[in-house]
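Have a look at the structure below before the remarks.
The structure presented is a predicted model; accordingly, all values stated were derived computationally and were not measured. By convention in this document, chain letters (A, B, ...) are assigned in the order of the sequence lines, proteins followed by strands, and residues within each chain are numbered from 1.
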2 protein chains.
Amino acid sequence: MDTSVAFSPRIERLLDQASSVCAERGSRLTDIRRLVLGLVLDRGRPSGAYELLDRLRENNRGAAPPTVYRALDFLLEQGLVHRIERLSAFVACTHALEHAHGCSDFHAAQFLICRHCGEVTELENRGISHALRAAGAEHGFHISASTIEAEGTCAACRAKPAGMDGPAESRQ
Amino acid sequence: MDTSVAFSPRIERLLDQASSVCAERGSRLTDIRRLVLGLVLDRGRPSGAYELLDRLRENNRGAAPPTVYRALDFLLEQGLVHRIERLSAFVACTHALEHAHGCSDFHAAQFLICRHCGEVTELENRGISHALRAAGAEHGFHISASTIEAEGTCAACRAKPAGMDGPAESRQ
DNA sequence: ACCCGTTCTGTTATAGAGTAACATCAAGGT
DNA sequence: ACCTTGATGTTACTCTATAACAGAACGGGT
């Protein structure tokens, strides 16, 4: 496998941080995992697994679906990426590397998905998570993971309504 | 197509109600759509599209993937079923037929998915929906649809922790 | 250095989810 | 009769995801 892939300095820095975070936890950010995380960060938008696979193959000819899915599973466990259910796609966690501690604890995020430009914004609103947790508890339900996603129009796309000029994969 | 399929009296009653609701709205609950809704109700748990297709074929030999997906799309539009994103599966809406009006307006529901027995409980907590809407608005984001799902352990399965006796498709 | 268990990766094959595109059919309206 | 609209039939595909097993690489203990 070609290990010499270079992302932008900013991303390389994030990858180094991610690597440290993993090491502290006793897990390893191997070359493949690092590369996949780099690709997700580099894209900056939701990435489909097979889209990542295609780009992965540029550096790792033998890559197959399990290669990507294993890497993604690891990154999800480490809280370094999130899966957007409504898109069957993956985004880098905005908060995992800001907070030194990572996202290993109960990290309940919310996602705002813009239909027009495809951008995804990650929120960390404790109120929403707690409200859901409380609503579950009322029914005797114990929540261990949750998915909270909203689809609509972001501020930028509302400002230029007919523009259709943003990079939109999923325009309808 | 064999139209003589009979579900339980309770389900047939629900189907008749659904049929009326559709008629009032100027849409039609055709035989196929009625059958698919019946199968979803009959199952009582999240149903995969191809699982529905298999059962659909027992009565409708020519059924193909588009047959089911078209029926499901219609039922989703009418608010008669919901899609559970975390499971890529469909459940009947608990509230659509209770309230005579159906779910055509902004119907923001939350789902509690039990990992052990596979049961899905539908909530209608306005507080959670509003909190999400408000959080979006703070970022200038206008929400038009949302997904709120929680995975964990239901009250019944917490009572019998080691039992493993419930019908669990997705036991891990 | 060696062995050994664990973890990671390679590889093949397949299951499951969803849609595109076009043909056909049925029901109502004029 | 004709035409429009909505619903279904049919074929073929793309995308998403996992099972199962083989092999390689790593890390710890002796």
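Atom CG of A:L53 and atom P of C:dT12 are 14 Å apart (whole Å). The distance from atom CG of A:L29 to atom P of D:dC26 is 15 Å, rounded to the nearest whole Å. Look at CZ on B:R86: it is 18 Å from C1' on C:dA17, rounded to the nearest Å. The separation between A:Q78 atom CD and C:dC8 atom C1' is 14 Å, rounded to whole Å. If you take CG of B:L56 and P of C:dA17, they are 15 Å apart, rounded to a whole angstrom. If you take CG of A:D54 and C1' of D:dT14, they are 12 Å apart, rounded to a whole angstrom. In this structure, A:R33 places its CZ atom 11 Å from P of C:dT7, rounding to the nearest Å. Residue A:E85 contributes atom CD, which lies 12 Å from atom C1' of D:dT16 at whole-angstrom precision.
At a cut-off of 3.5 Å, with distance as the only test, a side-chain donor of A:R115 or B:S144 sits close to an acceptor on the other residue. Side-chain contact check for B:Q110 and B:S129: at least one donor-acceptor pair (N or O, by modelled atom type) lies under 3.5 Å. Side-chain atoms of A:T147 and B:R86 include a donor-acceptor pair closer than 3.5 Å.
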Would you list the protein and nucleotides 19-30 of chain C atom pairs, both N or O, that sit under 3.5 Å from each other?
| residue | atom | partner | partner atom | Å |
| --- | --- | --- | --- | --- |
| C:dA21 | N6 | B:R70 | NH2 | 3.4 |

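Aromatic rings of A:H82 and A:F90 (six-membered ring for Trp) have centroids beyond the 6.0 Å cut-off, not under it.
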Legend entry - Verdict with supporting geometry, B:L87 and B:E149, side-chain contact (heavy atoms from CB on, under 4.5 Å): CA-CA 10 Å; B:L87 305 177; B:E149 300 173 3; over 6 Å; no

Legend entry - From CA spacing to verdict: side chain to side chain donor-acceptor pair (under 3.5 Å), A:R133, A:S146: CA-CA 9 Å; A:R133 186 176 284 263; A:S146 63; over 6 Å; no

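In terms of the side-chain hydrogen bond (donor to acceptor under 3.5 Å, both in side chains) criterion, residue partners of A:R55 (sequence neighbours excluded) are, by chain and number, A:D42.
Remark: A:T30 is in phosphate contact with C:dT9, judged by side-chain N or O atoms under 4.0 Å from OP1 or OP2. Proximity of B:R61 to the phosphate of D:dG9: no side-chain N or O atom is located under 4.0 Å from OP1 or OP2.
As judged by a 4.0 angstrom heavy-atom cut-off over every strand, B:R83 is placed among residues touching the sugar-phosphate backbone only.
Nearest nucleotide to the side chain of A:A64, out of C:dG10, C:dT12, D:dA17: C:dT12.
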